[in-house]
Amino acid sequence: MAAPAPRLYPIQVPLLRPEAPLKPTLVPPPPPVEPGQRDEVRALRAALDPAVAAKVTNGAELVRAIARRRREATLSTGVEALDALLGGGLARGKMTELAGRGERYSFVVSALASATSLGEAAALIDLGDAFDPQLGDAAGIDLRRMLWVRPQTMKQAVMAAEMIGATGIQFIAVDAGLPPLRGKRVGDASWVRLARTAESHGCTILVSAPYPVTGTTSEAMVQTFAARAKWLGAPRAPKVLAGVEARLRLEKHRHKKTGETAAVFFSSLITHDSSLIPHHS
Amino acid sequence: MTRLACFYVPMFSLAARLRSEPSLREEAVAVVEGNGGAARVVAATRRARKKGIAAGMTLAQARSIMPKLIARSRDAECERTAQEALIEVAETFSPRIEDAGSGMVFIDIDGLERHYQSEEELAKAAIHASDSMGLPARVGIAASKLAARVAAELPKSPVVVPPGDEATFLAPLPLARLSPEIGAATMLHRFGLASIGDLARLPESDIASRLGEIGRELHWAARGIDPSPLTPRALPPEFREGMEVEWPLVALEPFLFIASAALDRLMKRMEIQGFACKRIEMTLTLEPDGFDARGIDLPAPTRDVKTILTLLRLDLENKAPGAPVAGFTFTAHPDRPRRAQLSLFGPAAISPEKLATTIARLISILGDGRVGMPVTVDGHLPERFGVADYAPPPPPDLRPTPARGRGLLAARIFRPPIPVEVKTRDAKISSLHGEEVEGDVKVCSGPWKIEEGWWRGDPAAREYWDVETTGGRIYRVYQNPVAESWYLDARFAW
């Protein structure tokens with residue numbers, strides 16, 4: 001048992017002053033984050049005519065509104081079923097992936113037609129060198145607004161997309177072509193960089209590949225399944241390819257429940273007579 | 001009264017050389033003219049002059065004083081481009097300029113008083129602008145070309161001669177400042193005249209009777225009278241920059257290193273004029289003789305040195321000149337840079353310069369014809385296509401409603417078509433065997449006959465079929481009836 005320390009002789013002066021016990025203090029309440037909640041602003045709005053007050057906003061509200069608008073802004077793919085699956089279309093400033101061994105190219109062409117019909121500049125990074133300008137024209141693409149890039153490897157394709165995204169072109173479709181992918185697969189860092197380019201320049205990117213390649217960097221991923229061909233004509237009579245039915249499933253989305261499916265019919269007949277088409281979903 | 005400014009670069013041959021090789025500025029350098037034992041120093045840097053190197057010495061004499069003296073021969077190409085650069089600096093101040101050659105330019109500064117507080121401020125700005133282009137210029141301002149030139153040649157710069165004070169300004173200066181001919185100068189010296197003022201005080205008729213017309217002109221000059229007007233220069237159709245290298249270059253990298261600096265200067269000059277480069281031409285002087293000339297068209301006017309350098313590098317890598325390079329000249333064809341018109345309500349326009357730069361770099365990486373705008377081509381063969389320069393039209397002022405998709409099935413075209421072995425039964429395709437496809441055919445439809453070019457030397461006659469294999473793959477195949485060969489032309493639903 002330790003003996004208690006002897007008291008200092010009264011004439012001895014302690015070298016160290018005993019510290020005063022710290023009083024617990026609370027962190028002061030933060031200022032209201034929502035400036036609209038401040039009494040002064042509320043009073044100002046109350047004093048105004050309701051019609052005028054509804055139009056009055058402040059900087060914080062404006063910034064939030066712009067961010068919300070940016071988040072909600074979409075680019076239609078021109079295919080209603082796919083737009084519905086993606087919650088309105090391709091997210092602006094984001095990367096969306098369309099992967100699988102089903103119909104992909106018709107969606108890419110349709111999205112290009114939709115973007116150019118808005119007067120926006122678009123680019124097709126066509127790794128498979130498979131684009132047919134005549135068909136693109138028939139599908140409604142304004143070819144004057146479309147930049148066609150024909151790289152030879154996946155690495156070149158991603159690099160080209162990144163370079164083009166930085167120019168301010170609003171929509172870029174990267175089509176990886178048929179499997180196997182040309183050249184080596186690119187690293188995840190390249191996709192991260194491409195996604196950042198899309199975000200920083202407000203560019204919408206659609207990546208179409210035979211299997212998922214973008215990993216976690218894409219905003220949404222839609223899986224395509226083997227398409228079914230539709231033929232016109234009686235069983236033993238000469239037939240005509242009417243089109244194909246593409247089947248889709250939402251595999252990943254940052255703001256939406258996944259698992260939804262859809263079926264889309266693409267016609268091979270350059271016609272507006274829907275009676276010729278046997279099935280339309 | 002007309003007011004003129006004179007830009008004067010002393011020791012112009014040296015200044016031009018140092019502009020091309022800025023790393024030599026702090027060194028002891030002499031510019032020499034002539035070869036071998038006849039090589040004489042024309043100008044030398046301050047460091048060399050402090051050691052006693054002077055113009056007129058032979059190179060051997062100069063080297064005996066300073067063995068480590070760096071000697072450079074006079075480079076006509078450097079001097080020409082430096083003169084152009086000086087002119088372009090002058091053009092940033094006034095559109096009315098006169099090229100007086102060898103580091104001297106006159107400009108008309110009438111009306112500039114509203115832009116500068118005083119003429120002295122204008123002269124200082126001119127000196128600064130010239131310095132930023134690598135040319136240490138002196139500036140003199142006066143009412144006549146003669147007085148402006150003499151003012152610019154004085155060591156203390158800038159010198160502004162007040163209007164009407166030309167004769168007073170010139171009077172105390174030595175007669176040599178008027179650059180008289182040797183005969184006239186000797187005669188005036190014999191008369192005992194030392195300063196310009198001494199000459200101006202003599203009667204004009206007496207001088208004219210003794211020296212003739214030259215004497216009359218000198219007397220006018222001494223009184224500050226210069227009747228010669230400013231002769232404005234027309235805009236050049238192209239911009240040139242180049243130099244001769246000290247040792248012939250045999251590797252690409254050192255050449256590009258020097259070329260980069262020259263291109264940088266060239267683009268800076270074009271920027272001053274508000275131009276961009278639409279086409280760049282490169283002429284290489286080869287050792288021991290010969291030239292290599294090549295030109296590169298840019299997708300849109302640009303001033304991006306990195307892009308142009310990349311294009312030059314790829315061009316030289318693809319087709320080497322085949323001999324050491326002793327000199328080079330870049331000729332840039334100017335064009336007005338395209339400007340994007342921003343819209344408040346419609347889609348944003350793309351910066352044409354940025355787009356052109358990117359496309360040029362992509363072309364240099366991917367190859368010619370692999371980047372551009374797709375173009376439809378008249379004909380019937382599905383694989384036909386054309387590529388044109390990409391120059392999108394301006395976006396609409398208002399954002400239109402997106403068009404509804406046409407729901408058209410897109411085919412992936414195989415370029416070139418893939419040969420395939422086809423088995424037929426009852427005039428229908430029964431199976432496909434080839435590189436891309438292997439299997440029996442479930443459904444086929446066709447044939448659709450296409451024939452074109454029968455009037456040309458290479459006619460095309462084909463019979464197309466749409467087929468679906470048992471595995472669910474859908475292809476378009478065609479047969480060449482003449483060769484009886486089959487090809488895969490496109491694939492659907494993938």
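From a predicted model like this one, the values you see are computed outputs, not experimental measurements. All values below come from the heavy atoms of this structure, side chains included, with hydrogens, waters and symmetry mates left out. Reminder, nothing fancy here: chain letters follow the sequence lines and each chain counts from 1.
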Which atoms of [X] come close to chain A, meaning under 4.5 Å heavy atom to heavy atom: side chain ones, backbone ones, both, or neither?
X: B/V387; result: side chain
X: B/I474; result: side chain
X: B/R384; result: both
X: B/I359; result: side chain

Of the listed residues ([options]), which shares the most heavy-atom pairs with chain B below a 4.5 Å separation?
options: A/L147, A/L143, A/V149, A/V244; answer: A/L147
options: A/A130, A/S76, A/G102, A/A226; answer: A/A130
options: A/G168, A/A139, A/A227; answer: A/A139
options: A/L135, A/I141, A/V79, A/L178; answer: A/L178
options: A/S110, A/P151, A/G128; answer: A/P151
options: A/G202, A/A229, A/S114, A/P210; answer: A/A229

At a 4.5 Å cut-off on heavy atoms, which part of [X] comes close to chain B: side chain, backbone, both, or neither?
X: A/F131; answer: both
X: A/D175; answer: side chain
X: A/S208; answer: side chain
X: A/A166; answer: backbone
X: A/L75; answer: neither
X: A/A157; answer: neither
X: A/V109; answer: side chain
X: A/A113; answer: neither

TODO: First locate atom CG of B/D466, then atom CZ of B/R476, and finally report the distance between them rounded to the nearest 0.5 Å.
DONE: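 Answer rounded to 0.5 Å: 7.0 Å.
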Task: Reported CE-to-CZ distance for the pair A/M163 and B/R361, which is rounded to 0.5 angstrom - done: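 The CZ atom of B/R361 is 5.0 Å from CE of A/M163, to the nearest 0.5 Å.
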TODO: Please confirm whether the backbone N or O of B/P301 pairs with a side-chain atom of B/D335, one donor and one acceptor, at under 3.5 Å?
DONE: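 Pair absent, no side-chain N/O of B/D335 close to backbone of B/P301.
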Open item on the list: Looking at A/Q170 and A/A121, would you say the former's side chain and the latter's main chain have a donor-acceptor pair under 3.5 Å?
Closed with: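 Here the side-chain-to-backbone pair exists.
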Open item on the list: Using the salt bridge (charged side-chain N to carboxylate O under 4.0 Å, His left out) definition, which of the options A/K155, A/R196, A/R193 pairs with A/E162?
Closed with: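 Option passing the salt bridge (charged side-chain N to carboxylate O under 4.0 Å, His left out) with A/E162: A/R193.
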Open item on the list: A/V222 and side chain to side chain contact (heavy atoms under 4.5 Å, CB included): which single residue from A/L248, A/T261, A/T77 fits?
Closed with: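 Among the candidates, only A/L248 passes.
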Open item on the list: Looking only at heavy atoms and a cut-off of under 4.5 Å, which of B/P374, B/G367, B/S445 has the most pairs with chain A?
Closed with: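 Ranked by heavy-atom pairs under 4.5 Å with chain A, first place is B/P374.
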TODO: Flag the one option from B/P392, B/G407, B/A490 with the top tally of heavy-atom pairs under 4.5 Å to chain A.
DONE: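 Ranked by contacts with chain A, first place is B/G407.
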TODO: Could you go through the ring-ring contact (aromatic ring centres under 6.0 Å, His included) check for B/Y475 and B/W465 one step at a time?
DONE: CA-CA 8 Å; B/Y475 294 98; B/W465 295 74; over 10 Å; no
Open item on the list: Tell me if the centroids of the rings in B/Y390 and A/W148 come within less than 6.0 Å of each other.
Closed with: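 No; A/W148 has its ring centre 6.0 Å or more from that of B/Y390.
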TODO: Would you verify whether the NZ or CZ of B/R415 falls within 45 degrees of the ring axis of B/F385 while also being under 6.0 Å from that six-membered ring's centre?
DONE: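 Verdict for B/F385: a cation-pi partner in B/R415.
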Open item on the list: Looking at B/F414, I'd like to know if the NZ or CZ of B/R491 sits under 6.0 Å from its six-membered ring centre while staying within 45 degrees of the ring's axis.
Closed with: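 Negative - B/R491 is either too far from the ring of B/F414 or too far off its axis.
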Open item on the list: Which label fits B/Y464 and B/Y478: parallel for a plane angle under 30°, tilted from 30 to 60°, or perpendicular past 60°?
Closed with: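 Correct class here is tilted.
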- [ ] Would you tell me whether A/D137 and B/T376 have side-chain atoms, one donor and one acceptor, within less than 3.5 Å of each other?
- [x]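 No pair is found: no donor N or O on one side chain lies under 3.5 Å from an acceptor on the other.
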